[in-house]
Amino acid sequence: MKKEIVYVYKGDDGSYSCCINRYAKLPYGAIGEGNTFKEAITEYKTVARTMKDRHIEDNQASTRVSFIFLYHIPSFLRYYLKKAIEAICKMI
């Protein structure tokens with residue numbers, strides 16, 4: 001079974017999004033978005049399953065794959081740094 005890395009990003013608006021590692025060897029792609037980390041992952045899994053099913057319907061071979069979800073650290077740091085700076089500016 002193939003294992004592919006999916007990064008979970010924290011948006012400037014506080015939302016979450018998932019996308020697969022750009023070096024993935026899958027013949028299809030998927031994205032997921034949500035208001036929480038869990039929502040984004042759940043949507044990603046649903047979309048990836050749908051894309052895999054469509055790929056099979058097109059009579060193309062399918063690969064078993066499992067996803068490893070990782071935080072995209074720079075996006076989380078940027079989000080929380082921005083929040084900290086805003087809080088400090090309010091205190092001044």
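Here the structure is a predicted model, which is why all the values come from computation and not from measurement. Both backbone and side-chain heavy atoms feed into the values below; hydrogens, waters and symmetry mates do not. Numbers here simply count residues along the sequence, with the first being 1.
Under the 4.5 Å side-chain heavy-atom criterion for ILVMFWY residues, a single connected hydrophobic cluster contains both Ile41 and Ile73. No single ILVMFWY cluster, assembled from side-chain heavy atoms under 4.5 Å apart, contains both Met51 and Tyr23. No continuous path of ILVMFWY side-chain contacts below 4.5 Å connects Tyr7 to Tyr80, so the two sit in separate hydrophobic clusters. Connection of Tyr16 to Phe69 is established within a shared hydrophobic cluster, with ILVMFWY side chains joined at heavy-atom distances below 4.5 Å, either directly or through further cluster members.
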Sequence neighbours excluded and cut-off under 3.5 Å, please list the side-chain donor-acceptor pairs for residues 43-50, or say none.
unit_1: Glu43; atom_1: OE2; unit_2: Glu33; atom_2: N; d: 2.9
unit_1: Thr46; atom_1: OG1; unit_2: Thr42; atom_2: O; d: 3.0
unit_1: Thr50; atom_1: OG1; unit_2: Thr46; atom_2: O; d: 3.0

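Side-chain contact check for Glu4 versus Ile68: every heavy-atom pair is 4.5 Å or farther apart. At least one side-chain heavy atom of Ile20 sits under 4.5 Å from a side-chain heavy atom of Leu26.
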Open item on the list: The test is side-chain contact (heavy atoms from CB on, under 4.5 Å); show your working for Tyr9 and Cys19 and say whether it passes.
Closed with: CA-CA 8 Å; Tyr9 295 82; Cys19 68; 3.4 Å; yes
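Taken to the nearest 0.5 Å, the CG atom of Leu70 stands 9.0 Å off from the CG atom of Asn21. With rounding to the nearest 0.5 angstrom, the SG atom of Cys18 is 9.5 Å from the CD1 atom of Ile31. Taking NZ from Lys3 and OG from Ser66, the interatomic distance works out to 5.0 Å, rounded to the nearest 0.5 Å.
By the 30° and 60° cut-offs, the orientation of the rings of His55 relative to Tyr28 is tilted.
Within 6.0 Å of CG in Asn35 there are 12 or fewer heavy atoms belonging to other residues, nucleotides or ligands. Taking a 6.0 Å sphere around NZ of Lys38, one finds it holds 12 or fewer heavy atoms contributed by other residues, nucleotides or ligands.
Between Phe37 and Tyr71, the ring center distance clears the sub-6.0 Å criterion.
Listed by first and then second residue, the salt bridge (Lys or Arg N to Asp or Glu O under 4.0 Å) pairs involving residues 74-92 are Asp12-Arg78 (not counting sequence neighbours).
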